[in-house]
Structures are given as structure tokens and as C-alpha cells.
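What follows is a short report on a single structure.
It should be emphasised that the depicted structure is a prediction, and the values quoted were computed from it without experimental measurement.
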Amino acid sequence: MANRVLELEAQALNEQRRLLDHSFTKACELMLRCSGRVIVTGMGKSGHIAQKIAASLTSTGTAAHYLHPAEGVHGDLGVVHRADLLLAISHSGETQEITDLLAPVKHIGVPVVAITTNPQSTLAQTADVVLLLAAVPEADPHNLVPTTSTTLTLALGDALVVALMEAKQFTPEDFAVFHPQGMLGKRLTLQVRDLLHGDETNPIVNATASFGEALETITRHMLGGTSIVDAGGKLVGIITDGDVRRIIRKLIQQDGTVRDAITTRVDRVMTTSPSFVSSDTLAYDALRMMETHAPRPIFLLPVVDALHHPVGMLHLHSLVQAGFKTSVNNRSR
């Protein structure tokens, strides 16, 4: 049954594609010229689809509002103004709550774009533009439950949304403006500098310092590592918690005592030429760098300015706390 439903809906979408004609272009032109809002309305299941279409339009640069048709004729028509456009959805084109809206909306002077299967219906005959839905069976065995028809309506709504995005040259940066707290918005706007906190997230040790001093700095800042700089303050290396264990093991094997390991100059044991980012790097790009670092993922990234001076250190946990998901686990350290 599941296969049958999906096959029927897939076939219906192909049929819907063949119905696209100049009416779709005209509907887009009306919506582009609309200086107010696109008022989207539908009853029942069509109402749920209408809400999704309105939400998608709003988030992609076309101001929209969902109007419940029954509430509309009981006072909510006050939200409709002459500069608006009505996008009305009714499978039959005779839904009472929808047809009751048409006369007052026309009186206001608002153009109507209809989505319906019936070109002879009241809705279609009243509308300025009609987008016909393919006349195909619903996917349930009794041809009763809105299934295929709602899929087609949703897809046609998506087609309008994306066509308008293209016509308006709506960019990912524009999208981010409307989604500042969503993950997509963060991926497009959140920068590494937004996750730094001054000296608190900028552990630095001079290359001539001892390994013991590096340990003190790592412990004090609690980030799990420290940047190593030369006499001019430029980044030349890094030591992380993972490095510490390997360094101590190696130095004790070479010199025989922990004391010798602690007093060793840090430039003898640091990881040279570490990966780094600038503060204006997108946080998402920094995350991808950490995840794909070879030969294994890393947890820390020094952040440098234009002179290659460290201005902070980015920890993977800061990215996780900001809401990003990562495939890196503790065993990758």
C-alpha cells in the first residue's frame, strides 16, 4: 500500500508539471507586483497547506499572511488591504467558506489567484488567474482522503515560492536575515569572532617558554590547549591536551625524568604549522575544517588576525553550544 501511495503521488506530480502554462507566469507577475501581502487561504487540509505556503513565502522575501476563511467572513477580513493579493485554495472550487470570501475581497479591489481542479467552479470563474491542479485520484483506496491533491497543492506552492525567489534574486544572505536563530541562518551568518571572549579564550605562550609554563597556561584557560608564538607574536605552533600526554611520554622515554620534561623548551615539543582560521571565518566553515582535518579531526583551532597574531582559540564545544551538530567524538581528540 505504501508503494502504491508513493507511486500514485509521483505520477500525479508529473501530470501537474504538464499543466504548467502562462497562467503560472501571470500568477508570479501578480505576486511580484503586489506591494502589500499575499493573503493565503484554504479550508481543512487545504488550510494546512495554505499555512505552509504562507510561511515559505514570508521566509523567502514575499510578505504573506494566512487567513482562515471562516474567520475571514467574521471580522478577520480586516487584515486584507487594497495593496494585497489573495491566493485561494479549494480542490473543488466550491468550498463555501472560500466562496463567501470572494465578493468582499473583490469589493476591496484585491486580485485573486486560485488553485483548484475545477476551471468551471465559482472560485475559478471569479479569480484573475487560475492555477489548475491535475484531476487525479486521491491515494487512498476509496478516493476520499486528501492525499494526492494536497501533495500537488504543496508542490505547486513550492514552485511559486522558488520562482519568486529566483525572480527577486533572493540570496542565501537574504535568507539568513529572516532566520537569524535557525541553523540555516547560523550557518550563513555566525562568525568565529562571535564565539570568542577576549583573553579568556586566547591562551598564548612564547616559543621560548618551558613546557611547564605551557601546562600552566592550558590549565588556567581550560580550553584544552594553547597557541605558541614567536618573538614577534606570530603563531608558530600549538599544544593541546592530547599533545601533552604524548609529549610527556616521549620526553620521559628520552630524558628519564618528569622534571626534564617540564623544563623542556616548548618549541621543541609543540605541533608546528597548526591549522588556523581568521575571526571573520564562518563558524560552520571552521567546524567543517575541524571535522575533516587529516589525519584525524581536531578539537581546537587558533584564531589569528591579518598579521598572524593569535586573537583567540576556538573549541569544538563552543560550536556545539552554538547549536551545530558534529560527527567528531572524544576518541578523535
Side-chain angles (χ1 to χ4, degrees), residues 52 55-64 158 161-204 218 221-229 234-243 270-333:
K52 190 275 179 186
S56 294
L57 287 168
T58 298
S59 69
T60 54
T62 300
D158 288 342
V161 168
V162 177
L164 292 171
M165 286 176 63
E166 184 75 10
K168 293 182 176 184
Q169 299 182 326
F170 192 82
T171 66
E173 290 71 27
D174 294 327
F175 188 85
V177 169
F178 297 120
H179 299 76
Q181 287 302 311
M183 187 46 57
L184 289 173
K186 288 181 180 179
R187 284 178 58 173
L188 294 167
T189 61
L190 191 68
Q191 295 181 331
V192 168
R193 63 162 52 91
D194 299 320
L195 302 176
L196 302 180
H197 304 286
D199 291 340
E200 178 185 342
T201 50
N202 192 28
I204 295 175
I218 292 172
H221 285 81
M222 295 188 297
L223 281 174
T226 183
S227 297
I228 311 300
V229 298
K234 293 183 177 181
L235 178 73
V236 292
I238 188 174
I239 291 180
T240 69
D241 279 345
D243 294 330
M270 68 185 183
T271 298
T272 59
S273 304
S275 298
F276 60 88
V277 292
S278 62
S279 59
D280 60 357
T281 300
L282 288 176
Y284 180 74
D285 291 338
L287 173 63
R288 295 293 299 142
M289 183 184 297
M290 297 166 91
E291 289 180 323
T292 59
H293 184 272
R296 60 181 178 272
I298 55 178
F299 272 64
L300 290 174
L301 268 179
V303 184
V304 300
D305 62 16
L307 299 176
H308 210 61
H309 296 160
V311 294
M313 181 166 283
L314 180 66
H315 196 290
L316 181 69
H317 290 168
S318 297
L319 293 162
V320 173
Q321 289 171 354
F324 292 100
K325 293 183 178 180
T326 177
S327 59
V328 179
N329 56 52
N330 287 331
R331 288 177 294 180
S332 303
R333 186 183 295 270

Exercise. Would you please name every residue forming a side chain to side chain contact (heavy atoms under 4.5 Å, CB included) with Ser279, sequence neighbours left out?
Key: Arg193, Val303

Quiz item: Can you list the residues that meet the side chain to side chain contact (heavy atoms under 4.5 Å, CB included) rule with Asn202, with sequence neighbours excluded?
Solution: Ile204, Pro310

If you define the side chain from C-beta out and look only at heavy atoms, does anything of [X] sit under 4.5 Å from [Y]?
{"X": "His309", "Y": "Lys234", "result": "yes"}
{"X": "Val192", "Y": "Ser278", "result": "no"}
{"X": "Ile238", "Y": "Met313", "result": "yes"}
{"X": "Glu291", "Y": "Thr326", "result": "yes"}

Find the distance between [atom1] ([X]) and [atom2] ([Y]) and round it off to the nearest 0.5 Å.
{"X": "Leu195", "Y": "His317", "atom1": "CG", "atom2": "NE2", "result": "13.5 Å"}
{"X": "Gln191", "Y": "Asp285", "atom1": "CD", "atom2": "CG", "result": "10.5 Å"}
{"X": "Leu300", "Y": "Thr226", "atom1": "CG", "atom2": "OG1", "result": "10.0 Å"}

Run the side chain to side chain donor-acceptor pair (under 3.5 Å) test against [X] and tell me which residues pass, sequence neighbours left out.
{"X": "Asp158", "value": "Lys52"}
{"X": "Ser318", "value": "none"}
{"X": "Thr292", "value": "none"}

Practice problem: Starting from the C-alpha separation in whole Å, work towards a yes-or-no answer on side chain to side chain contact (heavy atoms under 4.5 Å, CB included) for Leu287 and Leu282. | Solution: CA-CA 9 Å; Leu287 173 63; Leu282 288 176; over 6 Å; no

Quiz item: Under 3.5 Å, is there a donor-acceptor pair between the Thr60 and Lys168 side chains?
Solution: no

Quiz item: Quick one: does Thr240's side chain have a donor or acceptor within less than 3.5 Å of a partner on Gly224's backbone?
Solution: no

Exercise. May I ask you to decide if Leu196's main-chain N or O and Thr201's side chain share a donor-acceptor pair within less than 3.5 Å?
Key: no

Quiz prompt | Check against side chain to side chain contact (heavy atoms under 4.5 Å, CB included), Phe324 and Leu190 | solution = CA-CA 11 Å; Phe324 292 100; Leu190 191 68; 3.7 Å; yes

Heavy-atom pair with the smallest gap, counting every atom of [X] and [Y]:
{"X": "Ala286", "Y": "Val277", "result": "CB-CG1, 4.5 Å"}
{"X": "Leu57", "Y": "Val161", "result": "CD2-CG2, 3.7 Å"}
{"X": "Leu235", "Y": "Pro274", "result": "CD2-CG, 3.9 Å"}
{"X": "Ser227", "Y": "Pro302", "result": "OG-CB, 3.8 Å"}
{"X": "Ser275", "Y": "Ile298", "result": "CB-CD1, 4.4 Å"}
{"X": "His315", "Y": "Met290", "result": "C-CE, 4.1 Å"}

Self-check item: Results of ring pair (Phe, Tyr, Trp, His ring centres under 6.0 Å) for His308 - residues two or more places apart only
Solution: Phe276

